[in-house]
Colleague: 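Quick one: the structure is below, and I'll ask about it shortly.
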Amino acid sequence: MPSDPVAFALHTPDHLWFPSTRVLAKNFEQAGGRVETCSTGHLVFYRPDGRRFLATDPIGHPLHECEWESNARGGISLARARFRLDWGQWVGLKASGLVNETRLNLATKPGWQRITPDDLRAMAAQALRVPIEEVRWFYQDEDLSIDAKGMATIRHRKDAFYALDNGGFEHARFMSCMGAMHWDHIDFLPVVELFKSLLPGTGSAAFELIRGLYDDQNNMQPAPRPLRYRGIPTYPSEAAFRLFSSFFIPQAPHGGSPLTLFMDPTRSHHVTWLPAPHPPVRYFDDTHGLCLTLQGGIVQKATLAGDSAGLSYVNPTGRRVVPMDRSVAVDGGQIVLKDRTAQIMMPTEVQPITAPVASATVPVSPLDWRTVFVQGVPSIHPTDAYGAVLFYPDDDHEISELAAQPFVADYVQDLGEQDREIGMILSRAERVLIDNGDAVISTCIPFDRPRDYMASIRHAAYAQRQAQQLWTQCAAAQRWEWLQRIRFVTADLWENTTASHQSCDLVYQWLPYDSFSSPARLTTIVTNLRQVLRPGGNAFIVGPAHLRELLMRQGGQICWEESVENLPTFRMHRTILPKARVKAGLTVFHIRQS
């Protein structure tokens, strides 16, 4: 443990990345910087103007770092921030890092010269079907302009999240976005888009920053500023409610249920949020590669950076089911980590632990999530395990093979609810094959009744994440017999034993992109499909447009085909990222075996 946490925080390589904060750290006291110690022992470092630029745990391990800059209005605004996730990965945030523009020709409207920014807001409110007050919240006057020829430009600014592969923005990969926050005057709780692309722990680390800045701005006020959930549109969920509730206390008008009110998208903003007295705080232990999250002196979560499962251990108190049977307890001066019957004990020097966490009283589930892997869980590097989420480019770079899979999987499942014939095909299937759909296996498994599922996998980390999702769904329904009939095998094993398997009623198949230009590989894939699909069976195949000719030559009946680019699921994605682009010619075919 360092003898001087302040020096450790400011002068350890990689703790600070922004040039302005590094300069300040070199002459911290002489430059007028100051540091405050919180009641939990955590340290917050401030610039001479009173804005925080670094927060650390009591030892000096960094939690987040902020870069501030002068803005066009003569004030100071947050430009960028970094926060450290529990498993060591850094995530970056760029304020207004994503700007989508919409252009409208108003010249054909009589009297267009008299159209004001508020008139544009009214048009946007009508088009988006939201109250104009919400539009005013996100569209400032500088975001709305009309040139001399009547061409209106509407800019929608969003804060952008990035995975920082080396801790800095030199190698930043766009991850997600949310409604642009007013960082110098935090006055609402944001809507996060593409939330499934968030690396594990991003939400809580981001709220650690939001709550810290909120406290800085309210500590001299007679009463804290109430916040509301705002976005165009909102996407309320129980997960968002739990996250918000860790840092802020929800209140419903007239004493109603905050959760019930929050879950109604038209009324989510009626819930007010005030600061929780004891928000979560984190402590890092470099010796054991451990991060502990405490709330009110009680351990809530423990994360090991070197964990190949890519999962945390959680406090079992009050839970009907412990996620993935992984729990954390405190025994004297030791942290006890349990994974079903396996147990790890390690000492801790975190002093604020005021109450022990009892050993898990929740019984271990009948099945381990790992049992779906016929050959055992493949070897997975911890970084890959934690990082198994789908990233989408914020520009016109082609979306990757894995990231394109949900557009088709979600479409087929939506179609099954809307189209009676497709619904019958999905519901009547007894044996189902999911080939190379490692990002969407759980999407292709509706939990209406048990069936036999075989998933041929190529991307182990993503398949592992899908296995964990399937376990979670079975645990919620307490239907473990469903999990018993789901099996994952590696693609090479499946291909070598195709002939020995029972025929399938339904197949979901994503052809690897590197096979698109190889007629021989495409022929082999289609031939193997005919071997595993029973007569009258159905398949949804994703491949190149020219696959049509090969399918017809092989005798398959093409019921319909659709360009992935034209699917409503992809068009919805483009409302968030307008430049999004899938592989040219990528097509989904519905075929029926003759």
Colleague: Go through the structure and list residues passing salt bridge (Lys or Arg N to Asp or Glu O under 4.0 Å) with Asp216, not counting sequence neighbours.
Modeller: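 Salt bridge (Lys or Arg N to Asp or Glu O under 4.0 Å) check on Asp216 returns Arg52.
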
Colleague: Do Arg211 and Phe248 meet the cation-pi criteria used here (NZ or CZ under 6.0 Å from the six-membered ring centre, within 45° of the axis)?
Modeller: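 Here Arg211 passes the 6.0 Å and 45° test against Phe248.
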
Colleague: Heavy atoms only: give me the nearest Pro190-Tyr229 pair and the separation to one decimal.
Modeller: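 Scanning both residues, the minimum pair turns out to be O-CE1, 3.5 Å.
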
Colleague: When the ring planes of Phe540 and Tyr508 are compared, do they come out parallel, tilted or perpendicular, using 30° and 60° as the limits?
Modeller: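 Judged by the thresholds at 30° and 60°, the geometry between Phe540 and Tyr508 is parallel.
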
Colleague: Mind checking ring pair (Phe, Tyr, Trp, His ring centres under 6.0 Å) for Trp183 and listing every partner two or more places apart, or none if nothing turns up?
Modeller: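 Once residues adjacent in sequence are excluded, Trp183 has no partner under the ring pair (Phe, Tyr, Trp, His ring centres under 6.0 Å) criterion.
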
Colleague: For the pair His185 and Arg225, evaluate side chain to side chain donor-acceptor pair (under 3.5 Å) and give the outcome as yes or no after the intermediate values.
Modeller: CA-CA 10 Å; His185 183 81; Arg225 181 186 308 122; 3.2 Å; yes

Colleague: In Å and rounded to the nearest 0.5 Å, what is the OG1 to OH distance from Thr293 to Tyr313?
Modeller: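 The OH atom of Tyr313 is 14.5 Å from OG1 of Thr293, to the nearest 0.5 Å.
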
Colleague: Could you list the residues that satisfy side-chain contact (heavy atoms from CB on, under 4.5 Å) with Arg340, not counting sequence neighbours?
Modeller: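 Listed in chain order: Asp325, Val364, Ser365, Asp368.
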
Colleague: Backbone N or O of Leu290 within a donor-acceptor pair of the Asp285 side chain at under 3.5 Å?
Modeller: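 No; zero donor-acceptor contacts below 3.5 Å.
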
Colleague: Donor-acceptor pair, distance only, cut-off 3.5 Å: does the side chain of Gln478 make one with the backbone of Ala475?
Modeller: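 Yes, because the side chain of Gln478 sits within donor-acceptor range (under 3.5 Å) of the backbone of Ala475.
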
Colleague: Among Asp435, Val408, Leu586, whose side chain to side chain contact (heavy atoms under 4.5 Å, CB included) with Trp510 holds?
Modeller: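 Among Asp435, Val408, Leu586, the one that satisfies the side chain to side chain contact (heavy atoms under 4.5 Å, CB included) with Trp510 is Val408.
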
Colleague: Between Gln466 (side chain only) and Ala439 (backbone N and O only), is there a donor and an acceptor less than 3.5 Å apart?
Modeller: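 Answer holds: yes.
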
Colleague: Under the rule for side-chain contact (heavy atoms from CB on, under 4.5 Å), what residues qualify as partners of Gln473, not counting sequence neighbours?
Modeller: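 Only Ser442, Phe447, Gln469, Leu470 meet the side-chain contact (heavy atoms from CB on, under 4.5 Å) criterion with Gln473.
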
Colleague: Would you indicate whether the side-chain heavy atoms of Leu24 and Arg47 approach each other to under 4.5 Å?
Modeller: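 Yes, side chains in contact.
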
Colleague: Give a yes or no answer on whether the side chain of Glu398 reaches the backbone of Ala580 with a donor-acceptor pair at less than 3.5 Å.
Modeller: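 Not confirmed, Glu398 side chain does not pair with Ala580 backbone.
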
Colleague: Using only heavy-atom distances, determine whether the side chains of His171 and Asp165 contain a donor-acceptor pair under 3.5 Å.
Modeller: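 There is no such pair (donor and acceptor under 3.5 Å, judged by atom type) between the side chains of His171 and Asp165.
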
Colleague: Taking salt bridge (Lys or Arg N to Asp or Glu O under 4.0 Å) as the definition, give me every residue that meets it alongside Glu401, ordered by chain and number, with sequence neighbours left out.
Modeller: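 Scan of Glu401 (salt bridge (Lys or Arg N to Asp or Glu O under 4.0 Å), adjacent residues dropped) gives none.
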
Colleague: Can you list everything that forms a side chain to side chain donor-acceptor pair (under 3.5 Å) with Asn71? Sequence neighbours excluded, please.
Modeller: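 Expected list: Ser77.
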
Colleague: Would you check if the side chain of Glu67 reaches a backbone N or O of Leu78 as a donor-acceptor pair within less than 3.5 Å?
Modeller: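 Checking the backbone N and O of Leu78 against the side chain of Glu67, no donor-acceptor pair under 3.5 Å is found.
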
Colleague: Using atom types as modelled and distance alone, determine if a side-chain donor or acceptor of Ser204 lies under 3.5 Å from a backbone N or O of Gly201.
Modeller: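 Indeed, once roles are kept as given, a pair shorter than 3.5 Å links the two residues.
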
Colleague: As an exercise, state the distance from NE2 of His288 to OG1 of Thr348, rounded to the nearest 0.5 Å.
Modeller: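 The NE2 atom of His288 sits 9.0 Å away from the OG1 atom of Thr348.
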
Colleague: For the residue pair Arg80 and Tyr162, establish whether any side-chain heavy-atom pair is separated by less than 4.5 Å.
Modeller: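 Not touching, per the 4.5 Å side-chain cut-off.
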
Colleague: For the pair Asn218 (side chain) and Tyr214 (backbone), establish whether a donor and an acceptor sit closer than 3.5 Å, ignoring hydrogens and angles.
Modeller: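 Looks like yes, one N/O pair under 3.5 Å.
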
Colleague: Between Glu565 and Arg574, does any side-chain N to carboxylate O distance fall below 4.0 Å?
Modeller: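 Between Arg574 and Glu565 there is a salt bridge, with a charged N closer than 4.0 Å to a carboxylate O.
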
Colleague: What residues, two or more places apart in sequence or in another chain, satisfy salt bridge (Lys or Arg N to Asp or Glu O under 4.0 Å) together with Arg282?
Modeller: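 With sequence neighbours excluded, Arg282 shows a salt bridge (Lys or Arg N to Asp or Glu O under 4.0 Å) to Asp86, Glu208, given in chain and number order.
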
Colleague: Show me, pair by pair, the donor-acceptor contacts under 3.5 angstrom made by side chains of residues 87-96, not counting sequence neighbours?
Modeller:
residue: Trp87; atom: NE1; partner: Pro200; partner atom: O; Å: 3.0
residue: Gln89; atom: NE2; partner: Leu164; partner atom: O; Å: 3.0

Colleague: Mind checking ring pair (Phe, Tyr, Trp, His ring centres under 6.0 Å) for His269 and listing every partner two or more places apart, or none if nothing turns up?
Modeller: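 Ring pair (Phe, Tyr, Trp, His ring centres under 6.0 Å) list for His269, sorted by chain: empty.
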
Colleague: Walk me through it: do Asp187 and His182 pass the test side chain to side chain donor-acceptor pair (under 3.5 Å)?
Modeller: CA-CA 7 Å; Asp187 50 6; His182 306 145; 2.9 Å; yes

Colleague: Decide side chain to side chain donor-acceptor pair (under 3.5 Å) for Asp143 and His156; before the verdict, give the C-alpha distance in whole Å, the side-chain angles of both, and the deciding distance to 0.1 Å.
Modeller: CA-CA 7 Å; Asp143 298 324; His156 190 183; over 6 Å; no

Colleague: Of all residues at least two apart in sequence or in a different chain, which pass the ring pair (Phe, Tyr, Trp, His ring centres under 6.0 Å) check with Phe195?
Modeller: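 With neighbours one apart ignored, the set is empty.
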
Colleague: Flag the pair Trp273 / Phe247 as yes when their ring centroid distance falls below 6.0 Å, and as no otherwise.
Modeller: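 No, the ring of Trp273 stays outside the 6.0 Å limit from the ring of Phe247, centre to centre.
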
Colleague: Please identify each residue that fulfils salt bridge (Lys or Arg N to Asp or Glu O under 4.0 Å) with Arg326, with sequence neighbours left out.
Modeller: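 With sequence neighbours excluded, Arg326 shows a salt bridge (Lys or Arg N to Asp or Glu O under 4.0 Å) to Asp307, Asp339, given in chain and number order.
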
Colleague: So, for Asp159 and Gly179, which heavy atoms are closest and what is the spacing to 0.1 Å?
Modeller: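 Closest heavy-atom pair between Asp159 and Gly179: OD2-O, 3.8 Å.
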
Colleague: For residues Gly60 and His15, report the shortest heavy-atom separation together with the two atoms involved.
Modeller: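 Looking at all heavy atoms of both residues, the shortest contact is O-CE1, 3.5 Å.
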
Colleague: Rounded to the nearest 0.5 Å, what separation is found between the CD1 atom of Ile445 and the CD atom of Gln413?
Modeller: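 Result: 10.0 Å between the selected atoms.
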
Colleague: For the residue pair Phe244 and Phe262, categorise the inter-ring angle as parallel (less than 30°), tilted (30 to 60°) or perpendicular (more than 60°).
Modeller: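 Ring orientation of Phe244 relative to Phe262: perpendicular.
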
Colleague: Thr303 versus Leu311: any side-chain heavy-atom pair under 4.5 Å?
Modeller: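 No. Closest side-chain heavy atoms not under 4.5 Å.
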
Colleague: Check whether any side-chain N or O of Arg82 sits under 3.5 Å from a backbone N or O of Gly167 as a donor-acceptor pair, and report yes or no.
Modeller: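 The answer is yes, because a donor-acceptor pair under 3.5 Å joins these two groups.
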
Colleague: If you take all heavy atoms of Gln464 and Val377, which pair is closest and at what distance?
Modeller: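 Heavy-atom minimum between the residues: OE1-CG1, 3.4 Å.
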
Colleague: Indicate whether the side chain of Gln375 and that of Thr490 have a donor and an acceptor atom separated by less than 3.5 Å.
Modeller: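 There is such a pair (donor and acceptor under 3.5 Å, judged by atom type) between the side chains of Gln375 and Thr490.
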
Colleague: Partners of His573 by ring pair (Phe, Tyr, Trp, His ring centres under 6.0 Å), sequence neighbours excluded?
Modeller: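 His573 satisfies ring pair (Phe, Tyr, Trp, His ring centres under 6.0 Å) with Tyr392, Phe407 once adjacent residues are dropped.
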
Colleague: Between Glu193 and Ser176, does a side chain to side chain donor-acceptor pair (under 3.5 Å) hold up when you go through it step by step?
Modeller: CA-CA 6 Å; Glu193 299 174 303; Ser176 180; over 6 Å; no

Colleague: Check Asp394 with Lys579, please: is the shortest side-chain N to carboxylate O separation under 4.0 Å?
Modeller: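 Judged by the 4.0 Å cut-off on N to carboxylate O distance, Lys579 and Asp394 do not form a salt bridge.
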
Colleague: Given 3.5 Å as the limit, does a donor-acceptor pair link the side chain of Ser197 with the main chain of Leu390, or not?
Modeller: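 Looks like yes, one N/O pair under 3.5 Å.
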
